[in-house]
Number of protein chains: 2
Amino acid sequence: MTKSSFSKPTESELQILQILWQDGPSPVRYVNDLINEKRDTDKKIVGYTTTLKLMQLMLEKGLVERDTTTRTHIYKALVDETTTQQNLVDKFIDTTFRGSAMKLVMQALGNHEASKEELDEIKKLIAKMEE
Amino acid sequence: MTKSSFSKPTESELQILQILWQDGPSPVRYVNDLINEKRDTDKKIVGYTTTLKLMQLMLEKGLVERDTTTRTHIYKALVDETTTQQNLVDKFIDTTFRGSAMKLVMQALGNHEASKEELDEIKKLIAKMEE
DNA sequence: GCAATTATACGATAAGTTTCGTACTTGTGC
DNA sequence: GCACAAGTACGAAACTTATCGTATAATTGC
């Protein structure tokens with residue numbers, strides 16, 4: 001997959017994908033409810049038809065598919081979570097860190113809490129990379 | 001700085017900021033030339049007035065300032081590179097990794113080449129975090 | 001059976017970003 | 001001095017994304 005052939009989901013689309021990845025195939029109502037529950041207090045409620053429209057557009061783009069055998073359509077993510085994350089990370093490194101993955105790692109590592117287990121996991125990965 | 005009070009630069013604005021951060025205060029012509037030199041082959045050339053307009057808008061937003069004592073105005077970044085990166089990383093972790101900084105670190109680390117020196121630097125940081 | 005509820009479809013609008021044409025101004029070369 | 005090159009200002013169009021109103025269809029409760 002080249003950089004240019006990867007179509008980046010918008011922030012709203014990504015938010016919906018996150019829910020579908022985490023909770024599995026879901027109806028619009030469920031997704032919309034979650035979005036509103038988790039929103040920052042200062043942001044206003046997203047209307048049901050807004051989420052519906054977004055998910056319909058995602059269907060056209062091939063980001064999701066849906067089961068229409070029941071009246072309440074069930075939407076399912078068609079793009080893979082890890083692959084999408086990887087694409088987004090690559091692009092992010094490019095635009096925000098001028099291509100330096102290690103600068104991103106240092107920045108993310110240095111500014112966020114990490115448990116002993118997480119640090120051990122990272123150390124293990126580094127050891128493997130040094131072989 | 002709270003999440004909501006941080007105004008995220010657009011991708012075009014970030015591209016311009018990167019140039020100003022890297023090369024220091026620069027005129028519009030210089031920035032526009034660099035953008036076009038570095039662009040992907042499939043993307044078309046960005047007109048001079050387009051870049052000019054973007055930088056004028058960035059001026060209004062307070063992202064840059066300019067020296068107008070000479071005819072050719074010199075633009076300078078007003079926002080700090082590291083601070084901006086930190087803000088963007090935080091937001092990115094939220095939207096793309098559901099808040100897990102460590103998942104981002106693992107992903108970025110595991111999928112990009114790293115020199116021995118870079119790995120050593122990361123190990124040093126981890127050691128410091130373990131104290 | 002039918003009123004009320006809940007779902008989808010879809011056009012229109014709003015809002016933000018990017019693009020550029022055109023007018024105007026300032027400096028340069030000869 | 002003046003034609004030409006190079007700069008800025010700015011309005012407006014083109015695109016993209018997000019939002020919602022309204023119409024319509026299916027389902028449910030009683």
Side-chain angles (χ1 to χ4, degrees), chain A residues 4 6-20 25-36 38-40 42-76 88 91 95-96, chain B residues 4 6-20 25-36 38-40 42-76 88 91 95-96:
Chain A
S4 46
F6 164 63
S7 128
K8 180 175 159 183
T10 67
E11 218 158 286
S12 298
E13 288 171 344
L14 190 57
Q15 192 183 16
I16 291 170
L17 284 174
Q18 293 286 8
I19 291 169
L20 297 181
S26 313
V28 176
R29 174 67 61 194
Y30 178 79
V31 171
N32 184 248
D33 285 351
L34 269 194
I35 287 173
N36 285 318
K38 293 180 180 169
R39 81 184 192 288
D40 292 341
D42 57 333
K43 280 198 291 189
K44 72 182 178 110
I45 285 183
V46 175
Y48 172 81
T49 54
T50 300
T51 302
L52 171 66
K53 181 74 165 190
L54 277 174
M55 294 177 77
Q56 287 171 341
L57 290 173
M58 291 171 75
L59 179 70
E60 281 180 23
K61 294 185 188 177
L63 292 174
V64 298
E65 65 180 1
R66 66 178 175 187
D67 179 350
T68 59
T69 54
T70 51
R71 181 165 90 103
T72 303
H73 299 176
I74 306 296
Y75 286 75
K76 179 185 163 193
L88 290 172
K91 195 175 198 76
T95 59
T96 306
Chain B
S4 45
F6 164 62
S7 129
K8 180 176 160 184
T10 68
E11 217 157 287
S12 299
E13 289 170 343
L14 189 56
Q15 192 184 15
I16 290 170
L17 285 174
Q18 293 287 6
I19 291 169
L20 297 181
S26 312
V28 176
R29 173 68 62 194
Y30 178 79
V31 171
N32 184 247
D33 285 350
L34 269 194
I35 287 173
N36 284 318
K38 293 182 180 169
R39 81 186 193 286
D40 292 341
D42 57 333
K43 279 198 290 189
K44 75 183 177 111
I45 285 182
V46 175
Y48 172 81
T49 54
T50 300
T51 303
L52 171 66
K53 181 73 163 190
L54 277 173
M55 293 176 77
Q56 286 172 341
L57 290 172
M58 289 169 75
L59 178 70
E60 281 180 22
K61 294 184 188 177
L63 293 173
V64 298
E65 64 180 2
R66 68 180 175 186
D67 179 349
T68 59
T69 53
T70 51
R71 182 165 89 103
T72 303
H73 300 177
I74 305 296
Y75 286 76
K76 178 184 165 192
L88 290 173
K91 195 175 198 74
T95 58
T96 306

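Protein chain A contacts DNA chain D from D:dT17 to D:dT27, reading 5' to 3' and using non-hydrogen atoms of the protein with a distance under 4.0 Å.
Straight-line distance from the CE atom of B:Met55 to the P atom of C:dT19: 14 Å, rounded to whole Å. Atom NE2 in B:His73 sits roughly 14 Å away from atom P in C:dT25 (whole-Å rounding). Rounding to whole angstrom units, CZ of residue A:Arg66 and P of C:dA7 are separated by 15 Å. If you measure from atom CZ of B:Arg71 to atom P of C:dT25, you get 13 Å, rounded to the nearest angstrom. As rounded to whole Å, 6 Å separates atom P of C:dT18 from atom CD of B:Glu13. The separation between B:Leu57 atom CG and C:dA15 atom P is 18 Å, rounded to whole Å. With rounding to whole Å, A:Leu59 atom CG is found 12 Å from C:dC10 atom P. Between A:Lys53 atom NZ and C:dA7 atom C1' there is a gap of 16 Å when expressed in whole angstrom units.
Contact annotation for B:Thr10: backbone-only contact, meaning every heavy-atom pair under 4.0 Å involves sugar-phosphate atoms and none involves a base. A:Ser12 comes within 4.0 angstrom of sugar-phosphate atoms only, judged by non-hydrogen atoms across all strands, and of no base.
In this structure the side chain of B:Arg39 reaches within 4.5 angstrom of the side chain of B:Ile45, judged on heavy atoms. Using a 4.5 Å heavy-atom threshold, the side chains of A:Asp33 and A:Arg29 count as touching.
Within the structure, every side-chain polar atom (N or O) of B:Lys43 is placed at least 4.0 Å from both OP1 and OP2 of C:dT18.
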* Asked: Checking side chain to side chain contact (heavy atoms under 4.5 Å, CB included) for the pair B:Gln15/B:Ile35: CA distance, chi angles, key distance, verdict?
  -> CA-CA 8 Å; B:Gln15 192 184 15; B:Ile35 287 173; 3.9 Å; yes

* Please report the C-alpha distance between A:Leu88 and A:Leu14 in whole Å, then the side-chain angles of each, then the deciding distance to 0.1 Å, and finally whether the side chain to side chain contact (heavy atoms under 4.5 Å, CB included) criterion is met. => CA-CA 10 Å; A:Leu88 290 172; A:Leu14 190 57; 3.9 Å; yes

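Mapping A:Glu11 and A:Thr49 onto DNA chain D by nearest heavy atom places A:Glu11 closer to the 5' end of the strand.
Here the CG-OH distance, from B:Leu54 to B:Tyr75, works out to 10.5 Å after rounding to the nearest 0.5 Å. Taking OG1 from B:Thr10 and CD from B:Glu13, the interatomic distance works out to 3.5 Å, rounded to the nearest 0.5 Å.
Residues from residues 25-36 of chain A that place a heavy atom under 4.0 Å from any atom of DNA chain D: there are none.
Screening residues 45-58 of chain B for side chain to side chain donor-acceptor pair (under 3.5 Å) gives B:Asn32-B:Thr51 as the qualifying pairs, with residues at least two apart or on separate chains.
Side-chain atoms of A:Asp67 come within 3.5 Å of backbone N or O of A:Thr69 as a donor-acceptor pair. Put simply, the side chain of B:Gln18 gets close to the backbone of A:Thr95: a donor and an acceptor are under 3.5 Å apart.
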